[in-house]
Amino acid sequence: MISPPVNEQELLARANLIAGYTLGEVASYLNITVPADLKRDKGWVGNLLETYLGAKAGSKPEQDFAHLGIELKTIPVDAKGHPLETTFICVAPLMANHGVTWDSSHVKYKLQKVLWIPVEGERTIRVAERRVGSAILWSPDSEQENILKQDWQELMDMIVLGQIEKVTARQGEVLQIRPKAANGQALTEAIGEDGNIILTRPRGFYLRKQFTADILHNYVRSKMTSSGS
DNA sequence: TCTTGATCATGT
DNA sequence: ACATGATCAAGA
């Protein structure tokens with residue numbers, strides 16, 4: 001097992017080491033078997049890079065590197081570096097939301113500092129041959145946070161007001177709510193139309209692809225302008 | 001073609 | 001059931 005990085009610098013240095021390598025090469029280094037596809041191993045890439053970078057294993061509701069205040073997110077991208085999928089953030093709380101604000105929300109907590117690692121994700125490329133890209137350490141700027149906060153508030157208002165069944169993935173400019181469960185049979189409690197308790201499918205918060213695309217793109221621009229060439 | 005809604009694996 | 005890690009795949 002690889003020990004956790006002691007500081008941000010060490011984490012970034014580790015991430016830089018695997019940029020350009022294939023998942024097969026990283027897996028081989030860790031003595032981990034590469035699946036033929038991700039149909040039954042949807043979290044495999046994320047878990048692989050967590051292991052390599054020394055993130056703590058387990059399913060605790062914390063950042064991957066809580067001692068550094070950093071969350072790790074792998075993001076599948078196409079040949080142009082554009083995201084192929086939305087990004088799951090956390091489960092949407094449907095009950096006991098009294099007094100919860102944006103500042104105390106799980107969404108803000110998870111997104112305050114994220115290490116994005118793009119990985120080739122096109123299904124035409126064998127999993128073992130997919131390459132790891134350059135990591136991007138990101139925190140939302142004021143404009144991004146304002147949009148996130150607005151979306152979060154709109155969606156949470158509906159949940160609190162018993163409108164969860166009316167929430168669809170079409171709502172939210174950059175933040176959306178979609179089902180998040182093992183299957184269609186999973187149920188959890190929520191507030192119903194009349195303020196009563198109902199059972200509904202568990203939901204999660206996700207970032208739209210365009211939002212993460214902007215994060216990756218803007219990073220490249222700022223890097224170019226700051227390096228002065 | 002692309003997004004929404006559905007689903008898979010694992011640990012607590 | 002819910003948290004972690006996400007991608008799949010049906011239908012618009």
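The basis for the numbers below is simple: all heavy atoms, side chains too, and nothing from hydrogens, waters or symmetry mates. Just so we're on the same page: letters track the sequence lines, and every chain starts at 1.
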Exercise. Are any of A:K60's side-chain N or O atoms less than 4.0 Å away from OP1 or OP2 of B:dG11?
Worked result: no
Problem set entry | Sugar-phosphate only, base, or nothing, as touched by A:P179 at under 4.0 Å among non-hydrogen atoms | base
For this session: Classify the nucleic acid contact of A:G46 as base, sugar-phosphate or nothing, counting any heavy atom under 4.0 Å across all strands shown.
Result: sugar-phosphate
For this session: Report yes or no: is the cationic atom of A:K56 (NZ for Lys, CZ for Arg) under 6.0 Å from the centre of the six-membered ring of A:F65, at an angle within 45° of the ring normal?
Result: no
Problem set entry | A:Y206 side-chain proximity, nearest of B:dT3, C:dA6, B:dT7 | C:dA6
Exercise. Does A:T74 place a side-chain N or O at less than 4.0 Å from the phosphate oxygens OP1/OP2 of C:dA6?
Worked result: yes
Problem set entry | Side-chain heavy atoms of A:D151 within contact of A:E173, under 4.5 Å | yes
Problem set entry | Min side-chain heavy-atom separation A:I117-A:L53 under 4.5 Å | yes
Exercise. Nearest nucleotide by nearest heavy atom, which residue falls closer to the 5' end of DNA chain B, A:R40 or A:E85?
Worked result: A:E85
For this session: Say whether, by atom type as modelled, one donor and one acceptor occur between the side chain of A:D194 and the main chain of A:N196 under 3.5 angstrom.
Result: no
For this session: Assess whether one donor atom and one acceptor atom, taken from the side chain of A:K42 and the base of B:dT7, lie less than 3.5 Å apart.
Result: yes
Seminar exercise, completed: Per atom distances to the A:K39 side chain, the nearest of C:dA1, C:dG5, C:dA9 is C:dA9
Exercise. In whole Å, what is the span from the OH atom of A:Y109 to the C1' atom of C:dA3?
Worked result: 13 Å
For this session: Quickly work out the A:L207 CG to B:dT4 P distance and round it to whole Å.
Result: 13 Å
Exercise. Considering heavy-atom distances to DNA chain B, does A:R170 or A:D41 have its closest nucleotide positioned more toward the 5' end?
Worked result: A:R170
Exercise. Roughly how bent is the helix from B:dT1-C:dA12 to B:dT12-C:dA1 end to end, in steps of 10 degrees, with each end axis from five pairs?
Worked result: 30°
Exercise. Within the pair A:R201 and B:dA6, is there a side-chain N or O less than 4.0 Å away from OP1 or OP2?
Worked result: yes
For this session: Evaluate the side-chain proximity of A:Q144 to A:W138: yes if any heavy-atom separation is below 4.5 Å, no if none is.
Result: yes
For this session: Identify, between A:V91 and A:K73, the residue whose nearest nucleotide on DNA chain C lies closer to the 5' end.
Result: A:V91
For this session: Assign A:L187 to base, sugar-phosphate, or nothing according to its heavy-atom contacts below 4.0 angstrom with the strands shown.
Result: sugar-phosphate
Problem set entry | Residues A:R201 and A:T188: side-chain donor-acceptor under 3.5 angstrom | no
Exercise. Is the closest side-chain donor-acceptor distance between A:D157 and A:Q153 under 3.5 Å?
Worked result: yes
For this session: Would you indicate which nucleotide in C:dA6, C:dT7, C:dC2 comes nearest to any side-chain atom of A:P76?
Result: C:dT7
For this session: Return the value, rounded to whole Å, for the distance between atom CD of A:E165 and atom P of B:dT4.
Result: 18 Å
For this session: Please report, rounded to the nearest Å, how far the C1' atom of B:dT4 is from the CG atom of A:L175.
Result: 15 Å
Problem set entry | d(CD, A:Q185; P, B:dT7) in whole Å | 7 Å
For this session: Ignoring backbone atoms, establish whether A:R123 has a side-chain N or O less than 4.0 Å from OP1 or OP2 of C:dT7.
Result: no
Exercise. Atom CG of A:N183 and atom P of B:dG5: how far apart are they, to the nearest Å?
Worked result: 18 Å
Problem set entry | Closest-nucleotide 5' rank along DNA chain C - winner of A:T86 and A:C90 | A:C90
Problem set entry | Any N/O donor-acceptor pair, A:K180 side-chain to C:dG5 base, under 3.5 Å | yes
Exercise. Quick one: are A:E193 and A:E165 in side-chain contact, heavy atoms under 4.5 Å?
Worked result: no
Exercise. For A:A181, which contact category applies under a 4.0 Å heavy-atom criterion: base, sugar-phosphate, or nothing?
Worked result: base
For this session: In whole angstrom, give the distance that lies between atom CZ of A:F88 and atom P of C:dA3.
Result: 9 Å
Exercise. With sugar-phosphate meaning primed atoms plus P, OP1 and OP2, does A:E71 contact a base, only sugar-phosphate, or nothing at under 4.0 Å between heavy atoms?
Worked result: sugar-phosphate
For this session: Kindly indicate whether the side chain of A:L175, heavy atoms from C-beta on, has any atom under 4.5 Å from the side chain of A:F211.
Result: no
Exercise. Rounded to whole angstrom units, what separation is found between the NZ atom of A:K56 and the C1' atom of B:dT12?
Worked result: 16 Å
